[in-house]
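Structure, as structure tokens:
Residue numbers begin at 1 in each chain, while the letters A, B, ... track the order of the sequences. No hydrogens, no waters, no symmetry mates; every other heavy atom, side chains included, goes into these values.
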There are 2 protein chains.
Amino acid sequence: MFNEMALAHTILATLGDESYSGYDLWKKFSQSTKCYWQASQQQIYRELGKLEKQGAIASEVIPQEGRPDKKIYRITEQGIAILKDWLVEPSEPMAIREELLVKVIAAKLLPNSVILQEIKRRSQIHSQQVSAYKQILQEKFPDVDKLSYEQKCSYLTLRCGIRYESTWVDWCNEAIELLSEEEK
Amino acid sequence: MFNEMALAHTILATLGDESYSGYDLWKKFSQSTKCYWQASQQQIYRELGKLEKQGAIASEVIPQEGRPDKKIYRITEQGIAILKDWLVEPSEPMAIREELLVKVIAAKLLPNSVILQEIKRRSQIHSQQVSAYKQILQEKFPDVDKLSYEQKCSYLTLRCGIRYESTWVDWCNEAIELLSEEEK
DNA sequence: ATATTGTACTCAATTTGTTGAGTATGTCAA
DNA sequence: TTGACATACTCAACAAATTGAGTACAATAT
């Protein structure tokens, strides 16, 4: 029944900490959740609709003046039970599908400068993401020695994001150095 | 016309080096291609069918005795043109969807040992993958100073895979250390 | 005065990815 | 000799993700 609903689990886990509207969830997904789960606005809204139908979350409409009404979602007991059931099952590593590396494999078809330029562009993107995550880390967790269990968990996901993005920057530098030797 | 056909591009890039049957492509995808693109057997066969219909690849049936016939695919001029057109366009970083980190966020719902066990299991998986990639690296590229441009590109994708998997091992160790402090 | 951005969502079409079954044969080990 | 594993594919159904459009109003910038 609840096999393969990974986005649903991510939403449930997020609502387990705090209640959010669909729009606020999307904003959170665009900032900190991003380092472990990316989802579009449309995906989030659709999943919220499904989860509410299933009874895993419940909503409350907050009328607002000047702005559209908000629908605030909270997790239900049933939702928590679904999360718990899922937690004890093993998870496989995410499937990697990285276009840049496919381009590296096909790079020989065009002048060297084409792939080099793209790798440099990507290096910048990842550098910026490292900075963004580091800033969130400092704001949310200024004192690493005084974290609650819950905070430690949240902290660790950010640490994973920083490691991931930093590794990309490092690889880009290695690639630029190795491929710059060519004149092609 | 050719927007969003990332698996197709990966297959074209692979056939750009050498011709393969669907089955051999799948085996290659399960070994070295894995570090930048994962695809199932079914996906590969379906995509090969589409690409042949489009004229991007062409096939030749090799009759075999004792075994089923093979269909060997090669890239066509049209396929190379598609690859070249795609190469000059920018690529965005892959979307991250990592279940383990979602579980870390929800970890507080269950005893600490549950998530710790899962992180340890994952650490092993990534360690093994590091070893597997390192072995391929040594076999295919024993002398890093004497690589052709094409080999350098292939080498770099493996280097990326090693970096990626190693980063996971490092993060797992950090997480285990931080979360082991709790008795919960 | 007009354009852009932000808030807060919905709907539909298409592509992509997953799951499971089915066909057919050969080798190797318990 | 039975069962597992490897070769070499096809078909169908479903779930997930992407893309693009549309609704509606407010605040802010040019």
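Its side chain within the 4.5 Å cluster rule, I62(A) clusters with I72(A) among the Ile, Leu, Val, Met, Phe, Trp and Tyr residues.
Where G22(B) and A95(B) each meet DNA chain D at their nearest nucleotide, the meeting point lying more 5' is that of G22(B). Nearest-nucleotide positions on DNA chain C place K71(A) closer to the 5' end than the other of R97(A) and K71(A).
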What are the atom names and distances for every N/O pair under 3.5 Å that joins the protein to nucleotides 4-7 of chain D?
unit_1 : atom_1 : unit_2 : atom_2 : d
dT7(D) : OP1    : K27(B) : NZ     : 3.3
dT7(D) : OP2    : Y23(B) : OH     : 2.6
dT7(D) : O5'    : Y23(B) : OH     : 3.3

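Checked by atom type and distance alone, the side chain of S123(A) never pairs as donor or acceptor with a backbone atom of I119(A) at under 3.5 Å.
For the contact set between residues 30-49 of chain A and DNA chain C, defined by any heavy atom under 4.0 Å, the members are Q41(A), Q42(A), Y45(A).
Between K50(B) atom NZ and dT14(C) atom P the separation is 13 Å, expressed in whole Å. In this structure, the CD1 atom of I72(A) is 13 Å from the C1' atom of dC9(C), given to the nearest Å. If you measure from atom NZ of K53(B) to atom P of dT10(D), you get 12 Å, rounded to the nearest angstrom. Between the CE atom of M94(A) and the P atom of dG17(C) there is a distance of 14 Å, given to the nearest Å. Nucleotide dT7(C) holds its P atom 16 Å from the NZ atom of K28(A), rounded to whole Å. The separation between M5(B) atom CE and dT15(C) atom P is 12 Å, rounded to whole Å.
Classified by interplanar angle (parallel below 30°, tilted 30° to 60°, perpendicular above 60°), the ring pair Y164(B)/Y164(A) is perpendicular.
Note on L158(A) and I96(B): same hydrophobic cluster, where clusters join Ile, Leu, Val, Met, Phe, Trp and Tyr whose side-chain heavy atoms are under 4.5 Å apart, directly or indirectly.
Rounding to the nearest 0.5 angstrom, the gap separating the OG atom in S21(B) from the OH atom in Y45(B) is 6.5 Å.
The aromatic ring centroids of W26(B) and Y23(B) lie less than 6.0 Å from each other.
Donor-acceptor pairing under 3.5 Å is lacking for the side chains of K140(B) and Q151(B). Side-chain contact annotation: K28(A) with T14(A), donor-acceptor N/O pair under 3.5 Å absent.
The existence of a salt bridge linking R121(B) and E92(A) is confirmed by a sub-4.0 Å separation between a basic side-chain nitrogen and an acidic carboxylate oxygen.
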